[in-house]
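The structure under discussion appears below in the form of structure tokens.
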Amino acid sequence: MKIKINGKEEAFSKEDTLQNLIEGMGLLPARIVIEYNREIVLRDRWPQIVLKEGDTVEIVSFVGGG
Amino acid sequence: MQDIFEIGGEKIGSRLFVGTGKFSGNDVMKAALAASGCEVATVALRRVDFTAGSGNILDAVPRGCTVMVNTSGARNADEAVRIARLAKASGAGNWIKIEVIADSRHLLPDNLETLRAAETLVREGFTVFPYMSPDLSIARRMAECGVAAVMPLGSPIGTNRGVRTRELVEIMISELEIPVVVDAGLGRPSDACLCMEIGCAAVLVNTAIAIAGDPVGIAEAFGAAVRAGRKAYLSGIPATTVSASASSPLIGFLDEGEGSNR
């Protein structure tokens, strides 16, 4: 199963939830915002979203800027 | 006289807004923001860099600072709106600096796309601060659609060249009812002071502080310059004249009546 994460295609051997993806990456949920297939999904929905082939996930956070 | 600064529905204690980009580290940034006395700080939103550490810029913004998220990276109104919605979802508040740039060389804003984004974001309840080229007609439309302030550039982003747009900014100040905040290009405290002297409501500074030899020292200087300029503006700066006008009395000279021809 291939999923595009932040513009880069990643391969996964089995289905999993968005919640597990984030945890597996070691990201702190409080620090990030996620767009799942171009739609913003808040943290409480992450455990219910099961990733599937062709999904697009954007994970963003704050950086310094003027 | 008490000078209360209300913007975006909030009372803000400093007319210096500071950007958080380009600092050499979060510790120096935190110290510089504190030294500046700013109560509004800008941040940007980017894809998470999985190779970098988990440090978060928001942790380095002093407590009590209102965070203004910019839409940098947006090349059109739709992208700016998308970034603004992500910022809101993050819980960082709803102060948005719209920054739509389609010109990568000069980094000048696209005023029409910025206006389009402003219309949408005001409708969605954001407190909107459009970064723009200083154009009175577009600024009027921005004001009509309900933005909190307009933010014309002093000179291109990061150039430290000061208020090259002064004439146009002054026209905006005199014609608009909403606050005018000069953003971009201010390179030294005297530039910020000048902005305040001509009646800007506030200024936003980033590069000049972040890349200075001593960011903390210059941040403090910027804070003082903004306060000085504002105080001067409120005090009524005298008009300039062509002819000289002596500051000391022109009577009672020591040698008067002793035959000299003055």
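Every chain is numbered from 1 and lettered A, B, ... according to where its sequence line falls, protein lines coming before strand lines.
At a 4.5 Å heavy-atom cutoff, the contact between A:Arg38 and chain B is made by side-chain atoms alone. For B:Lys22, no part lies near chain A; criterion is any non-hydrogen pair under 4.5 Å. Contacts of B:Leu58 with chain A are made by side-chain atoms alone, with heavy-atom separations under 4.5 Å and no backbone atom involved. For B:Val205, no part sits under 4.5 Å from any heavy atom of chain A, backbone or side chain. Neither the backbone nor the side chain of B:Ser72 comes within less than 4.5 Å of any heavy atom of chain A. Looking at A:Ile59, both its backbone and its side chain come within 4.5 Å of chain B, counting heavy atoms on both sides.
Between the CD atom of A:Glu35 and the CZ atom of B:Arg85 there is a distance of 10.0 Å, given to the nearest 0.5 Å.
Chain A forms more heavy-atom pairs under 4.5 Å with one residue of B:Glu99, B:Met68, B:Arg82 than with any other, namely B:Arg82. The candidate from B:Asn70, B:Asp183, B:Val61 with the greatest count of non-hydrogen atom pairs under 4.5 Å with chain A is B:Asn70.
A donor-acceptor pair is defined here as one N or O able to donate and one able to accept, closer than 3.5 Å; no such pair exists between the side chain of B:Arg46 and the backbone of A:Val63. Judged by distance alone, with hydrogens and angles left aside, the side-chain atoms of A:Asn6 form no donor-acceptor pair with the main-chain N or O of B:Arg47 at under 3.5 Å. Between the B:Thr20 side chain and the A:Gly65 main chain, a donor and an acceptor come within less than 3.5 Å of each other.
Heavy atoms only, all atoms of each residue included: A:Gly64 and B:Ala44 are closest at O-CB, 4.0 Å.
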Kindly determine whether A:Val60 and B:Val48 satisfy side chain to side chain contact (heavy atoms under 4.5 Å, CB included), including the steps that lead there.
CA-CA 5 Å; A:Val60 301; B:Val48 169; 5.5 Å; no
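Within 6.0 Å of CG in A:Asp44 there are more than 12 heavy atoms belonging to other residues, nucleotides or ligands.
Residues A:Ile40 and B:Leu86 meet the side-chain proximity criterion, which asks for heavy atoms closer than 4.5 Å. Residues B:Phe50 and A:Ile5 meet the side-chain proximity criterion, which asks for heavy atoms closer than 4.5 Å.
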